[in-house]
There are 2 protein chains.
Amino acid sequence: MAKRKVANLLALAVLSYLTQRPMYPYELSRTLRDHGDDRSIKFNHGSLYMVVQQLARAGFVAEQGTSREGQRPERTVYALTDAGRAELRDWMRELVAEPQHEYPQFVTALSLIAALPPSEALPLLRRRLDRLAASRAEIRALIDGALDQGVPGLFLVEEEYRLTLLDAERAFVTRFIEQITDPDTGWGGRWAEFHGEHPPTNERTES
Amino acid sequence: MAKRKVANLLALAVLSYLTQRPMYPYELSRTLRDHGDDRSIKFNHGSLYMVVQQLARAGFVAEQGTSREGQRPERTVYALTDAGRAELRDWMRELVAEPQHEYPQFVTALSLIAALPPSEALPLLRRRLDRLAASRAEIRALIDGALDQGVPGLFLVEEEYRLTLLDAERAFVTRFIEQITDPDTGWGGRWAEFHGEHPPTNERTES
DNA sequence: CTCCTATTATCCATAACTGACTATTTGGGA
DNA sequence: TCCCAAATAGTCAGTTATGGATAATAGGAG
């Protein structure tokens with residue numbers, strides 16, 4: 001799996017939208033925003049222009065000419081090339097078939113959580129649970145709203161996936177809290193000791 | 001939540017390890033690798049030096065002097081400052097309590113999956129399931145091995161979390177495949193039509 | 001009719017990251 | 001004993017990403 005000439009996932013979205021018709025960068029930008037793709041793909045205005053340049057340099061898109069409307073700045077329109085079509089297809093196949101090792105922030109937090117005393121970690125974890133529940137409700141509402149507007153379910157799978165992950169995380173955090181407060185596992189005990197504290201209890205509020 | 005002066009999560013690990021004692025960059029690098037933190041934190045040798053510099057500039061660590069062993073290059077030893085201790089604490093609290101909006105690659109893939117015909121997506125998704133199962137077995141083995149070596153469970157929570165996410169993803173992909181192949185939901189039908197194909201079936205092999 | 005703001009469209013300076021490179025030393029095998 | 005591989009310690013060039021800056025026009029409030 002040699003490295004891609006253009007690695008930024010924003011480029012994948014660009015390739016995908018250019019299969020429909022040639023576009024100029026700003027048009028791509030607006031389309032991405034309108035479709036809510038900025039929820040799934042890290043996106044900022046500036047990097048879109050860079051990504052299009054990179055794609056052009058790699059031969060995946062080609063400048064198709066320029067157009068102008070009124071006195072607005074000139075627009076450079078880009079079209080997908082055959083190489084670009086091939087890249088899109090190959091990249092999508094890879095992304096769907098091969099899970100990537102990634103670094104979610106919460107993994108980092110967990111790997112260093114022993115740096116906090118358990119008496120501090122517990123309320124923070126409970127707070128996280130609240131936030132996760134709120135986040136879940138938001139996504140649920142977004143999906144239901146879109147379905148009501150007639151958006152086909154297929155275009156909302158990524159949000160369903162997010163829901164799945166959210167629920168799994170909530171279950172995990174709940175279990176984690178139990179393990180910390182359960183005196184039988186001994187987890188909370190040694191952890192608290194290390195920080196010079198008493199073992200945590202199941203109480204909702206710490207003294 | 002104003003932006004952190006040093007945003008790279010590698011910096012968090014550095015702050016965390018420096019609470020134990022002052023270290024020089026290479027020592028930090030080796031310690032991180034030995035503890036397997038490179039599984040949880042995006043890490044490469046070069047950026048560690050940059051991150052330490054950034055931390056120094058921000059006042060979170062301070063050059064403590066230099067030491068030398070034999071004819072090896074001189075080592076610059078860094079120690080945590082009070083500001084650094086405060087930053088570590090505050091950052092950890094934020095990471096634990098506040099879920100961040102992130103962009104996992106599979107979310108991107110799903111958001112663009114309609115670009116592939118369902119006849120292609122199906123085998124790819126099945127392949128992903130295999131990979132996920134393999135990945136799960138690997139992590140399971142890693143955890144069990146570490147527990148056997150006497151590593152306390154608390155230092156393996158991040159791997160347990162990964163397992164949880166993996167299982168959730170497997171369940172999701174399984175459901176997704178069912179939704180595509182189930183003729184009642186109509187998903188596969190319209191999707192296939194759009195690509196000029198017949199609706200997918202439940203068969204394991206496509207003609 | 002004029003001013004203010006939002007939109008359209010792109011560019012660019014700066015900061016950050018990546019991967020490769022240098023150069024010495026130690027340990028172990030033939 | 002000699003040589004190679006791995007470990008030690010750090011630097012740096014080239015590439016990417018980020019978040020404004022720029023600049024023209026359209027739309028609407030007053």
Side-chain angles (χ1 to χ4, degrees), chain A residues 1-14 17 22-34 38 41-58 60-61 63-78 100-103 108, chain B residues 1-14 17 22-35 38 41-58 60-61 63-78 101-103 108:
Chain A
M1 195 170 58
K3 216 177 336 111
R4 311 232 162 240
K5 289 192 195 164
V6 185
N8 195 327
L9 282 181
L10 186 51
L12 188 70
V14 168
Y17 278 103
M23 298 193 195
Y24 51 96
Y26 187 83
E27 194 181 1
L28 282 163
S29 176
R30 201 173 5 104
T31 312
L32 290 200
R33 268 195 206 292
D34 291 352
D38 54 344
I41 299 175
K42 204 166 177 188
F43 170 71
N44 81 49
H45 205 72
S47 46
L48 187 88
Y49 285 86
M50 167 157 19
V51 152
V52 170
Q53 257 184 60
Q54 290 173 44
L55 285 172
R57 193 160 12 107
F60 297 141
V61 305
E63 207 166 308
Q64 223 212 5
T66 58
S67 75
R68 148 163 290 179
E69 196 167 296
Q71 279 319 296
R72 301 252 185 74
E74 213 171 53
R75 299 160 173 170
T76 312
V77 177
Y78 292 88
Q100 302 290 312
H101 188 91
E102 290 177 275
Y103 303 88
T108 305
Chain B
M1 196 169 59
K3 214 175 336 105
R4 311 232 162 241
K5 289 193 196 164
V6 186
N8 194 327
L9 282 181
L10 186 51
L12 188 70
V14 168
Y17 278 103
M23 297 193 196
Y24 52 96
Y26 187 81
E27 194 181 1
L28 282 163
S29 175
R30 200 172 7 101
T31 312
L32 290 199
R33 268 195 207 293
D34 291 352
H35 280 238
D38 54 344
I41 300 176
K42 205 166 177 189
F43 170 72
N44 82 48
H45 199 72
S47 47
L48 187 88
Y49 285 85
M50 166 162 18
V51 153
V52 170
Q53 258 184 59
Q54 288 173 45
L55 286 172
R57 193 161 10 109
F60 296 142
V61 304
E63 207 169 305
Q64 223 213 4
T66 56
S67 75
R68 148 162 292 179
E69 198 168 293
Q71 281 316 301
R72 301 250 185 74
E74 213 171 51
R75 299 158 173 171
T76 311
V77 177
Y78 292 88
H101 188 92
E102 292 178 274
Y103 303 87
T108 306

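So you know, we letter chains A, B, ... as the sequences are listed, proteins then strands, and number each from 1. All values below were derived from every heavy atom in this structure, side-chain atoms included, with hydrogens, water molecules and symmetry-related copies excluded.
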*Asks:* Whole Å only: how far is the CD atom of A:Q53 from the C1' atom of D:dT18?
*Replies:* 15 Å

*Asks:* Using atom CG of A:N44 as one end and atom C1' of D:dT16 as the other, report the distance to the nearest whole Å.
*Replies:* 12 Å

*Asks:* Counting any heavy atom closer than 4.0 Å, what does B:E27 reach on the DNA or RNA strands: base, sugar-phosphate only, or nothing?
*Replies:* nothing

*Asks:* Taking CE from B:M23 and C1' from D:dA9, how many angstroms apart are they, rounded to a whole number?
*Replies:* 16 Å

*Asks:* Does A:Q54 place a side-chain N or O at less than 4.0 Å from the phosphate oxygens OP1/OP2 of D:dA17?
*Replies:* yes

*Asks:* Can a side chain N or O of B:N8 be found less than 4.0 Å away from OP1 or OP2 on C:dC17?
*Replies:* yes

*Asks:* Roughly, in whole Å, what's the span from NZ in B:K5 to C1' in C:dA15?
*Replies:* 16 Å

*Asks:* Between A:Y26 and C:dT8, is there a side-chain N or O to OP1/OP2 distance below 4.0 Å?
*Replies:* yes

*Asks:* Please tell me if the side chains of B:Y78 and B:V52 come closer than 4.5 Å, counting only heavy atoms from C-beta onward.
*Replies:* yes

*Asks:* Taking only the side-chain heavy atoms of B:M50 (C-beta and beyond), determine which of C:dT18, D:dG10, D:dA17 contains the nearest atom.
*Replies:* C:dT18

*Asks:* OP1 or OP2 of C:dC17 sitting under 4.0 Å from any side-chain N/O of B:K42?
*Replies:* no

*Asks:* Please report the distance, rounded to the nearest Å, between CZ in B:R33 and P in D:dA6.
*Replies:* 15 Å

*Asks:* Counting side-chain heavy atoms from C-beta on, which of C:dT18, D:dG10, D:dA17 comes nearest to B:Y24?
*Replies:* D:dG10

*Asks:* Could you tell me whether the side chain of A:F43 reaches within less than 4.5 Å of the side chain of A:R33, counting heavy atoms only?
*Replies:* yes

*Asks:* Can you check whether B:R30 has a side-chain N or O nearer than 4.0 Å to OP1 or OP2 of D:dT8?
*Replies:* yes

*Asks:* Using heavy-atom distances to pick each residue's nearest nucleotide on DNA chain C, tell me which of B:H45 and B:V51 is more 5'.
*Replies:* B:V51

*Asks:* Is any side-chain heavy atom of A:L10 closer than 4.5 Å to one of A:L48?
*Replies:* yes

*Asks:* What is the distance, to the nearest angstrom, from the CZ atom on A:R4 to the P atom on C:dT18?
*Replies:* 19 Å

*Asks:* Kindly indicate whether the side chain of B:I41, heavy atoms from C-beta on, has any atom under 4.5 Å from the side chain of B:L32.
*Replies:* no

*Asks:* Do the non-hydrogen side-chain atoms of A:E27 and A:R30 ever get within less than 4.5 Å of each other?
*Replies:* yes

*Asks:* Take the protein atom CG of B:L9 and the nucleotide atom P of C:dC17, then report the distance between them rounded to whole Å.
*Replies:* 10 Å

*Asks:* Send over the distance from A:L55 CG to D:dT16 P, rounded to a whole Å.
*Replies:* 11 Å

*Asks:* Which nucleotide, D:dT18, D:dG19, D:dG10, lies nearest any side-chain atom of B:K3?
*Replies:* D:dG19

*Asks:* Give a yes/no answer on whether the side chain of B:Y49 brings an N or O atom under 4.0 Å of OP1 or OP2 in D:dA9.
*Replies:* no

